[in-house]
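Just so you know, residue 1 is the first one in the sequence shown, and it goes up from there.
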Amino acid sequence: MTDLKDKISEILNPYLIFKMKTQYKFPENLKSSDIDRQSPHHQKFVAPPLDDEFYAESYELRKAASTMTVAAIEWFRNNVTELLEGSYSPSQKDDTFSVLSIGSGEGDIDIEIIQSLIPRLNPQWKQLKYVALEPNPIHSRRFLERLDRVSLGPNVEVSVRDEYFEPDRFEKEQKYDLVLLTHVLYYFDKPYEAIQRALKQTKEGGRVVIVHQTATGIPQIQREFMLEAKGNQNEMFTAEDIRNLLDTQSHPHQYHHVDARLDVTECLQGLETGVKIMSFCMECDLRQLQETKFFKILQGFWRLAEIEDSGKAFINEPIGVFVLPVPSVTVQQRSPEDKDPVIDYWQLAQRFDWLSTFFSQYHQGENSSLRLLDVACGTGRWLQAFSHYIQLDEKIGNIVYDCLDPSGSSIAQASQKIHLPLQRGNQYVNTIQSANLEKNAYDLLWSMHGFYMIPRQDLPSVLKKCASLLKDTGIGFIALATRKSFYVDFYEQYLQIFKEGKGEGFTSAEDVIEIMDECGIQHQVHRVFYEEPIKADDHAGLEHYIKHEATVNCFNKDKETEQLSESHEITLEELLSHPEMERYLSSLMRNSVYYFPEEILLISFNAN
């Protein structure tokens with residue numbers, strides 16, 4: 001304890017030290033009579049597990065002392081639209097959005113999620129079905145009591161089942177749009193099997209969301225004392241363990257770090273409530289633990305606690321939120337004929353139901369052929385991937401394929417990739433801003449990664465123009481990376497690090513959605529998330545991806561159709577030699593492999 005006191009003395013002034021000592025008892029000066037625990041002859045060498053009643057009571061106290069729940073609720077509120085949009089497909093027939101919450105506890109987070117979902121259901125969904133699994137009878141009863149106190153409306157159906165999520169026994173046929181695992185994976189003997197089962201319970205295009213504690217905070221104390229306190233470490237499991245599992249299985253996921261902290265004031269004071277909070281943290285009844293072992297654990301709390309000027313004591317305990325997408329279609333392996341250096345267009349071809357879209361447009365049209373405009377077609381890489389992976393129905397007649405791009409040489413290359421049932425149509429060597437195009441003429445329009453270079457101030461007129469080109473029953477698609485994607489984020493990092501923040505970044509998917517909202521253009525969003533893996537020792541692959549895939553024309557954005565200039569002069573070594581850029585890129589490396597995160601929004605829209 002001397003080191004602890006010295007450390008505190010370095011941080012706090014003498015007045016605060018005096019104030020702390022009047023409020024807290026250091027473990028070495030604390031007597032067993034000061035703490036509400038069992039008498040010595042009832043104390044045990046290993047603490048017993050928590051029974052249902054004590055678990056529910058200590059859980060409630062621990063939850064009230066932490067900002068974890070509030071932080072998780074806030075995250076869901078901020079991301080509920082993303083979770084909804086990611087689950088919707090234009091070809092979707094079901095008008096009920098369904099949620100499975102595994103280990104819902106008392107339902108405090110769940111009810112907030114439900115209330116956040118309700119106002120955002122329309123126009124895609126008419127009903128909300130929410131199924132909560134909670135095997136602890138006390139928690140499930142309290143959940144039902146909470147439900148009785150809120151009004152959710154006639155289009156919401158909530159059922160609370162006091163049962164376990166047993167992967168081999170739970171209903172296999174029922175699938176959900178959203179599956180939640182909130183602070184529950186600790187209790188599965190085989191966590192990854194539970195995650196796999198949750199993914200199987202999720203509809204195509206849906207999401208599995210995992211909320212879990214990180215290795216910072218209480219898990220640090222658990223690692224040091226859990227074995228000694230309860231005799232095992234069976235339930236020790238953190239967000240870092242989940243990430244390692246997902247990485248090992250190469251499962252795509254998004255990770256969100258969310259700050260939270262635990263008020264341990266009453267723990268350090270040795271009060272009854274504090275001992276109960278500590279018991280829940282250690283997953284055993286510390287009231288019955290041998291005195292010397294208990295004081296060791298209390299010292300662990302002291303070491304991590306930060307004392308504020310007010311005298312309150314807190315331990316930081318951030319949480320991790322994982323979002324696991326379920327592909328909207330079964331993803332086939334890459335075709336041997338697909339020689340594209342990246343997996344991007346393969347992902348776009350595989351992760352959306354293009355066949356249904358074309359078939360639907362064919363049946364809605366008045367003619368035996370369809371007309372399609374490819375905006376910013378480039379050299380036809382998307383068209384080539386589409387041809388590799390999508391076999392259009394033979395019933396569909398000719399599809400007239402018009403190309404638009406400011407580069408004539410690119411259009412010439414793209415034209416060589418047009419094969420039946422696609423038929424070469426008009427070629428426009430122009431920008432979408434300047435091209436003279438026929439209104440109300442197209443059944444389909446798409447632009448795959450073609451909007452990055454469109455200035456934000458041009459977006460309103462460009463998006464309105466695209467919508468006006470469609471027939472009344474036509475549908476348009478814009479695929480673009482989000483601000484979280486490497487495609488967009490890397491250049492932002494480059495500007496900050498090398499150009500003092502000066503310069504315009506790429507137009508992102510969020511920019512397009514914001515302008516569509518402002519212009520009143522109805523749209524739907526389909527999310528495609530993947531990671532592009534490149535080995536750290538593959539310098540040629542890294543240089544190509546960073547300089548040519550992620551930064552095509554970004555180093556000289558004002559020269560849209562010219563060859564790259566400055567980007568050719570910047571080497572990978574120069575980028576990596578800067579400490580900040582090296583740190584940014586290293587954050588994307590796992591086990592000597594860079595995993596570049598790419599979140600692509602496929603935004604569909606109709607005519608005005």
Side-chain angles (χ1 to χ4, degrees), residues 192 195 214-216 238-257 320-325 327 331 333-336 338-348 350-351 381 385 449 452 481-499 505-506 508 528-555 564 566-600:
Y192 190 68
I195 295 172
T214 67
T216 301
T238 69
E240 285 71 12
D241 296 314
I242 296 173
R243 176 175 277 181
N244 289 335
L245 282 172
L246 297 175
D247 290 345
T248 300
Q249 300 296 325
S250 299
H251 196 289
H253 61 275
Q254 296 167 273
Y255 178 76
H256 304 261
H257 178 92
V321 181
F322 297 84
V323 181
L324 283 62
V331 178
Q333 297 215 343
R334 288 189 77 180
S335 165
D338 184 355
K339 304 300 183 183
D340 199 283
V342 298
I343 64 175
D344 191 353
Y345 294 110
W346 167 57
Q347 293 282 339
L348 278 171
Q350 291 286 284
R351 296 292 183 91
R381 291 169 68 183
H449 295 297
Y452 296 114
T482 67
R483 294 166 189 156
K484 293 182 285 188
S485 297
F486 186 77
Y487 280 155
V488 173
D489 186 50
F490 172 75
Y491 189 53
E492 295 291 340
Q493 297 291 333
Y494 173 83
L495 291 177
Q496 292 297 322
I497 295 170
F498 291 94
K499 300 296 182 181
F506 279 147
S508 68
V528 176
F529 178 81
Y530 66 93
E531 292 179 312
E532 183 80 44
I534 301 177
K535 292 182 179 179
D537 59 4
D538 182 4
H539 293 282
L542 280 172
E543 189 154 33
H544 172 83
Y545 191 74
I546 291 173
K547 290 178 55 179
H548 299 283
E549 299 294 343
T551 58
V552 170
N553 285 329
C554 75
F555 291 104
L564 300 179
E566 185 180 345
S567 64
H568 276 308
E569 299 168 9
I570 298 175
T571 66
L572 181 64
E573 287 72 22
E574 287 176 299
L575 289 171
L576 290 174
S577 66
H578 194 291
E580 288 185 50
M581 180 59 75
E582 192 275 335
R583 187 160 48 248
Y584 167 69
L585 293 174
S586 293
S587 71
L588 306 176
M589 193 193 308
R590 306 189 298 268
N591 301 321
S592 300
V593 178
Y594 287 97
Y595 290 92
F596 297 103
E598 304 295 2
E599 181 186 46
I600 312 302

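Summarising the geometry, atom CD1 belonging to Ile546 is positioned 8.0 Å from atom CE belonging to Met581; distances are rounded to the nearest 0.5 Å. Atoms NE2 and CD1, from His449 and Ile600 in turn, are 4.5 Å apart once rounded to the nearest 0.5 Å. Here the CD atom belonging to Glu573 is positioned 6.5 Å from the CD atom belonging to Glu543, to the nearest 0.5 angstrom. The line from OH of Tyr545 to CD of Glu532 is 4.5 Å long, rounded to the nearest 0.5 Å. In this structure, CD on Glu549 lies 12.5 Å from CG on Leu542, to the nearest 0.5 angstrom.
Formation of a donor-acceptor pair under 3.5 Å by the Ser586 side chain with backbone atoms of Arg583 is not found in this model. In this structure, the side chain of Glu240 engages the main chain of Ala215 through a donor-acceptor pair within 3.5 Å.
Paired with Phe506 under the rule ring-ring contact (aromatic ring centres under 6.0 Å, His included), one option of Tyr487, Phe490, Tyr452, Phe486 passes, and it is Tyr452.
Counting heavy atoms from C-beta outward, Leu246 and Leu324 have side chains that approach closer than 4.5 Å. The closest side-chain heavy-atom distance from Leu588 to Pro597 is below 4.5 Å. In this structure, the side chains of Leu585 and Tyr594 come closer than 4.5 Å at one or more pairs of heavy atoms.
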### Task
Decide side-chain contact (heavy atoms from CB on, under 4.5 Å) for Glu598 and Val342; before the verdict, give the C-alpha distance in whole Å, the side-chain angles of both, and the deciding distance to 0.1 Å.
CA-CA 11 Å; Glu598 304 295 2; Val342 298; over 6 Å; no
### Task
Could you walk me through whether Ile534 and Phe596 pass side-chain contact (heavy atoms from CB on, under 4.5 Å), step by step?
CA-CA 8 Å; Ile534 301 177; Phe596 297 103; 3.9 Å; yes
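Qualifying side chain to side chain contact (heavy atoms under 4.5 Å, CB included) partners for Thr482, counting only residues two or more places apart in sequence or in other chains: Lys484, Ser485, Ala509, Glu510, Glu599, Leu601. Residues satisfying the ring pair (Phe, Tyr, Trp, His ring centres under 6.0 Å) test with Tyr530, not counting sequence neighbours, are none.
Closest approach of Gly320 to Ala239, counting heavy atoms only: CA-CB, 4.4 Å.
No hydrogens or angles considered: a donor-acceptor pair under 3.5 Å links the side chains of Asp489 and Tyr584.
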